[in-house]
Amino acid sequence: MNAIKVGLLGIGTVGSGTFNVLNRNQAEIRGRAGRGIEIAMVADLDTARAKSIVGNACEVVSDARQVIANPEIDIVVELIGGYGVAKTLVLEAIAAGKHVVTANKALLAVHGTEIFAAAHAKGVIVAFEAAVAGGIPIIKALREGLTANRIEWIAGIINGTTNFILSEMRGKGLDFATVLKEAQRLGYAEADPTFDIEGVDAAHKATIMSAIAFGIPVQFDKAHVEGITQLQAADIKYAEQLGYRIKLLGLTRRRENGIELRVHPTLIPTNRLIANVEGAMNAVVVQGDAVGTTLYYGKGAGSEPTASAVIADLVDITRLHTADPEHRVPHLAFRPDAMSDTPILAMDEVLTSFYLRLRVADEAGVLSRITTILAENDISIDAVLQRESAEGEKQTDLIILTHETVEGRMNKALALMQGLPTVLAPIVRLRKEELA
Ligand SMILES: NC(=O)C1=CN([C@@H]2O[C@H](COP(=O)(O)OP(=O)(O)OC[C@H]3O[C@@H](n4cnc5c(N)ncnc54)[C@H](O)[C@@H]3O)[C@@H](O)[C@H]2O)C=CC1
Ligand SMILES: N[C@@H](CC=O)C(=O)O
């Protein structure tokens, strides 16, 4: 049988990895897919760089629409990124009856509903394994491997750049800016690295996993998003002393009244496997009612790890494209008529435990006033640590770990504590998850 023909839009980090791995492993891939998979045309604005990658193996153009218009192309792979031109091109490819593979989590987390509806109407596949956790087959696991389960929660280190930064800062004592530059050099960071460091990229991925796990539409606008730029070295140190490691965690959890969807720096007990995931590695923990806890670990970014996921999608489409669309795995695991309208909870309603650091005057009665406020708000204390402050003898750092409480209640207590004259600086508040 003739090879299936692929058109690549964008041949940067992931695109070049896809080209190279497809070429290198073509015999094996053909054996698995049942026919060859050939990149027949590449579009990239930088045609000179694109030609230096593909040589004479295929045609290179600067206009992506030429690829979409080519009747020989069966599958369009979008590896440009962003919400702008990528959205237009993906919708045009669908309208032209092409199957689409994309690694673009930003696009799917924000415009997924429109894109999946268009694909469903046209009977084509939009595959996106590479959009979450790079090379880890987490989409396949959630949509297929765990299909028997009622998913209870998912927690993941799903941004390689921030995990790399946190690891290098903690392990080598390097500063934030130096490590970020290295992450960019290694091809981990997004074109706009603020997406990584402000938690947006992780929230895109958490949004997609939440939709698949709970059968809800993608709702990035309802996600709570906090990055690592406000994180202070002192808190990383105190967390370690208390037996916790701080990770940027993407978390989505089913509650009785709705679904939590949040990304923020999180204290995790050091004895959990996920707390020991270092460098650009990703890990996702999925809790299902039947299977219990499962853990998926691997490279979440980089040229060939991400290409591995892109090619897995190409193989899936090669096998499935002649199947009746009704017999394919639905884009978001649930069939469109079985989607749920369970709401995403506001942050005030989220249930979590907390790490608080208060810079206080070192005098009698300070601790008791603080614990009284917590008690009056029904917040139970798990541990308290007092450490000499760097600011001198008359001040001290109080570190408090709480048991689980509703975030709105903690916000009320925080406002009262911040108003005490003996609290001398803005209170640091981080969230803590036991993940058990
Ligand atoms: N780099 C990584 O480790 C990972 C990236 N992704 C996603 O994969 C996608 C691609 O990322 P990278 O390869 O890192 O980006 P990149 O910036 O390295 O490559 C993008 C390529 O698209 C080309 N391009 C830009 N506008 C174009 C247009 N209008 N027409 C044709 N070509 C155009 C650029 O010249 C560049 O070669 C993004 O959505 C990203 O979020 C997903 C997982 C991991
Ligand atoms: N910028 C992302 C790349 C993969 O999605 C990351 O750092 O994880």
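One is the number of the first residue; the rest follow in order along the sequence. Order of listing sets the numbers, starting from 1, for every ligand and every atom in it.
Taking each of Asp44, Thr47, Val85 in turn, the one with a heavy atom nearest to atom 29 (N) of ligand 1 proves to be Val85. Among Ala280, Gly187, Gly302, Ala50, the residue whose heavy atom sits closest to atom 1 (N) of ligand 1 is Gly187. For atom 42 (C) of ligand 1, the choice among Glu78, Glu304, Lys105 with the nearest heavy atom turns out to be Lys105. Here the shortest heavy-atom distance to atom 12 (P) of ligand 1, taken over Leu8, Val14, Asn282, belongs to Val14. Considering each of Leu79, Leu186, Val42, the one bringing a non-hydrogen atom nearest atom 20 (C) of ligand 1 is Leu79.
Nearest protein neighbour of atom 44 (C) of ligand 1, counting heavy atoms only, is Thr306 OG1, 3.3 Å. Scanning the protein for heavy atoms near atom 41 (O) of ligand 1, the closest one is Glu190 OE1, 2.7 Å. Counting protein heavy atoms only, atom 22 (O) of ligand 1 is closest to Gly10 CA, 3.5 Å. Atom 30 (N) of ligand 1 has its closest protein heavy atom at Ile80 CD1, 3.6 Å. Among all non-hydrogen protein atoms, the one lying nearest atom 39 (O) of ligand 1 is Gly81 CA, 3.2 Å.
In this structure, CD in Glu260 is found 12.5 Å from CZ in Arg254, a value given to the nearest 0.5 Å. Note that the CG atom of Leu9 and the CZ atom of Arg65 stand 10.5 Å from one another [nearest 0.5 Å]. In this structure, Asp316 CG and Ile139 CD1 are separated by 12.0 Å, a value rounded to the nearest 0.5 Å.
Contacts classified as side chain to side chain donor-acceptor pair (under 3.5 Å) and involving residues 331-341 (residues at least two apart or in different chains) are given here: Glu326-Arg335, Ser340-Thr342.
Polar contact check, Thr13 against ligand 1: a nitrogen or oxygen pair lies under 3.5 Å apart.
Every atom of ligand 1 is numbered from 1 in the order shown, and the set under 4.0 Å from a heavy atom of Arg49 is 35 (O), 36 (C), 37 (O). The distance from ligand 1 to the heavy atoms of Gly12 drops below 4.0 Å at these ligand atoms: 13 (O), 18 (O), 19 (O), 21 (C), 37 (O). Using a 4.0 Å cut-off to heavy atoms of Ala130, the atoms of ligand 1 that qualify are 42 (C), 43 (C). Atoms of ligand 1 found under 4.0 Å from any heavy atom of Ala301, numbered from 1 in the order shown, are 3 (O).
Ion pairing of Glu304 with Lys299 is absent here, as no side-chain N (NZ or NE/NH1/NH2) approaches a carboxylate O to less than 4.0 Å. Of the charged side-chain nitrogens involved, at least one lies within less than 4.0 Å of a carboxylate oxygen, so that Glu278 and Arg245 count as a salt-bridged pair. Between Lys237 and Glu240, no side-chain nitrogen of the basic residue sits less than 4.0 Å from a carboxylate oxygen of the acidic one, so the salt-bridge criterion is not met.
Relative to the ring axis of Phe354, Arg409 does not place its NZ or CZ within 45° and under 6.0 Å from the centre.
Residue Gly134 places no heavy atom under 4.0 Å from ligand 1.
More than 12 heavy atoms of other residues, nucleotides or ligands shown are found within 6.0 angstrom of CG on Asn271. Within 6.0 Å of CZ in Arg35 there are more than 12 heavy atoms belonging to other residues, nucleotides or ligands. Counting non-hydrogen atoms of other residues, nucleotides and ligands closer than 6.0 Å to CD of Glu404 gives a total above 12. At most 12 heavy atoms of other shown residues, nucleotides or ligands fall within 6.0 angstrom of atom NZ in Lys412.
Both the backbone and the side chain of Leu45 come within contact range of ligand 1, each with a heavy atom under 4.0 Å. Proximity of Ala103 to ligand 1, defined as any heavy-atom pair under 4.0 Å, is shared by backbone and side chain alike. Contact annotation: for Ile11 versus ligand 1, heavy atoms closer than 4.0 Å belong to the backbone alone.
Between the side chain of Asn276 and the main chain of Thr270, a donor-acceptor pair closer than 3.5 Å is present.
For ligand 2, the 4.0 Å heavy-atom shell contains residues Lys105, Asn159, Gly160, Thr161, Tyr188, Ala189, Glu190, Asp196, Asp201, Lys205, Gly300, Ala301.
Note that atom 37 (O) of ligand 1 has protein non-hydrogen atoms nearby, at separations under 4.0 angstrom. Not a single protein heavy atom sits closer than 4.0 Å to atom 15 (O) of ligand 1.
Side chains of Glu433 and Thr352: a donor on one and an acceptor on the other come within 3.5 Å. The closest side-chain donor-acceptor pair between Thr405 and His403, if any, does not fall under 3.5 angstrom. Side-chain atoms of Gln287 and Thr293 form a donor-acceptor pair, as typed in the model, at a separation below 3.5 Å.
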